[in-house]
Amino acid sequence: AMNGSSANPEAPSHDGHPLVATRALLDGRARPFPSAAGARPASGEPGARALDRLQLIAEALFSKDGAPPPPERMAWLRAELADFLSRASVLGRGLFVLGSLVVVWLAPMFVGALPPLSRLPLARRIAALERFETRRVAPVLIALRAILCLIYYEHPDAAAEVGFDPRGPSDGRLLDAADTERDGTR
């Protein structure tokens with residue numbers, strides 16, 4: 001039984017799901033799964049060219065008023081994305097990298113430009129991705145965008161930019177739909 005006690009002190013001790021912080025884990029009485037403790041599986045990291053392609057896409061996706069996100073923010077995203085993909089299965093990482101290839105080589109053609117996407121200035125990259133999303137291949141970009149958004153919006157600056165307050169409402173209540181409609185945040 002995985003109840004937090006183990007006969008082998010070197011074996012990981014778990015109380016439920018590996019991504020849920022349990023009281024024993026928080027108190028230091030249990031050890032997390034190796035992946036939760038920061039150990040990387042042997043599946044490997046994505047290559048620099050794959051990360052370059054994903055960064056080109058991310059710069060266009062997260063641009064604001066035609067300007068890319070700050071370089072330090074993109075460096076943070078790149079490092080987090082490398083970590084995320086290094087923990088993915090070989091198949092999962094391969095599909096993600098393949099998706100980035102599809103976007104980088106097809107998107108420029110939707111704005112009448114030659115591939116790859118790296119040849120285009122930011123404004124044209126944005127237009128190319130917007131057009132890509134109107135085509136039958138849109139699910140490829142939507143899948144990439146979903147993962148990139150999950151990682152990008154984990155950054156504390158991004159949370160502040162969208163008005164997220166991790167402390168919740170000042171009166172201690174949980175927000176509901178009526179609160180967000182009333183406050184204009186929906």
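Residues: numbered from 1 along the sequence shown. A quick note: this is a predicted structure, and the numbers were derived from the prediction, not measured.
Considering every non-hydrogen atom in both Ala82 and Pro46, the closest pair reads O-CD, 3.7 Å. Here the closest non-hydrogen pair linking His155 and Asp157 is ND1-N, 3.0 Å.
No path of Ile, Leu, Val, Met, Phe, Trp and Tyr side chains, each step under 4.5 Å between heavy atoms, connects Leu85 with Leu95, placing them in separate hydrophobic clusters. In the hydrophobic clustering of ILVMFWY residues, with side-chain heavy atoms under 4.5 Å counting as a link, Leu54 and Leu101 come out together.
Looking at residues two or more places apart in sequence or on another chain, you find a side chain to side chain donor-acceptor pair (under 3.5 Å) between Arg78 and Asp52, Gln55.
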Under 3.5 Å, which donor-acceptor pairs do the side chains of residues 139-152 form with other protein atoms, sequence neighbours left out?
{"residue": "Arg145", "atom": "NE", "partner": "Glu133", "partner atom": "OE2", "Å": "3.2"}
{"residue": "Arg145", "atom": "NH2", "partner": "Glu133", "partner atom": "OE1", "Å": "3.4"}
{"residue": "Arg145", "atom": "NH2", "partner": "Glu133", "partner atom": "OE2", "Å": "2.4"}

List the atom pairs, with distances to 0.1 Å, where a side-chain N or O of residues 102-126 and a protein N or O form a donor-acceptor pair under 3.5 Å, not counting sequence neighbours.
{"residue": "Arg124", "atom": "NH2", "partner": "Val111", "partner atom": "O", "Å": "2.9"}
{"residue": "Arg125", "atom": "NE", "partner": "Leu120", "partner atom": "O", "Å": "3.3"}
{"residue": "Arg125", "atom": "NH1", "partner": "Leu56", "partner atom": "O", "Å": "3.1"}
{"residue": "Arg125", "atom": "NH1", "partner": "Glu59", "partner atom": "OE1", "Å": "3.1"}

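More than 12 heavy atoms of other residues, nucleotides or ligands lie within 6.0 Å of CZ in Arg73, so this atom counts as buried by the packing criterion. Heavy-atom neighbours of Arg49 CZ from other residues, nucleotides or ligands within 6.0 Å: at or below the threshold of 12.
Atom CD of Glu45 is separated from atom OG of Ser86 by 5.0 Å, given to the nearest 0.5 angstrom.
Using modelled atom types, no side-chain atom of Ser63 and backbone atom of Gly66 make a donor-acceptor pair closer than 3.5 Å.
When side chains are defined from C-beta on, Leu81 counts as touching Phe96, because their heavy atoms get closer than 4.5 Å. Side-chain contact between Glu154 and Phe84 is absent, with no heavy-atom pair separated by less than 4.5 Å.
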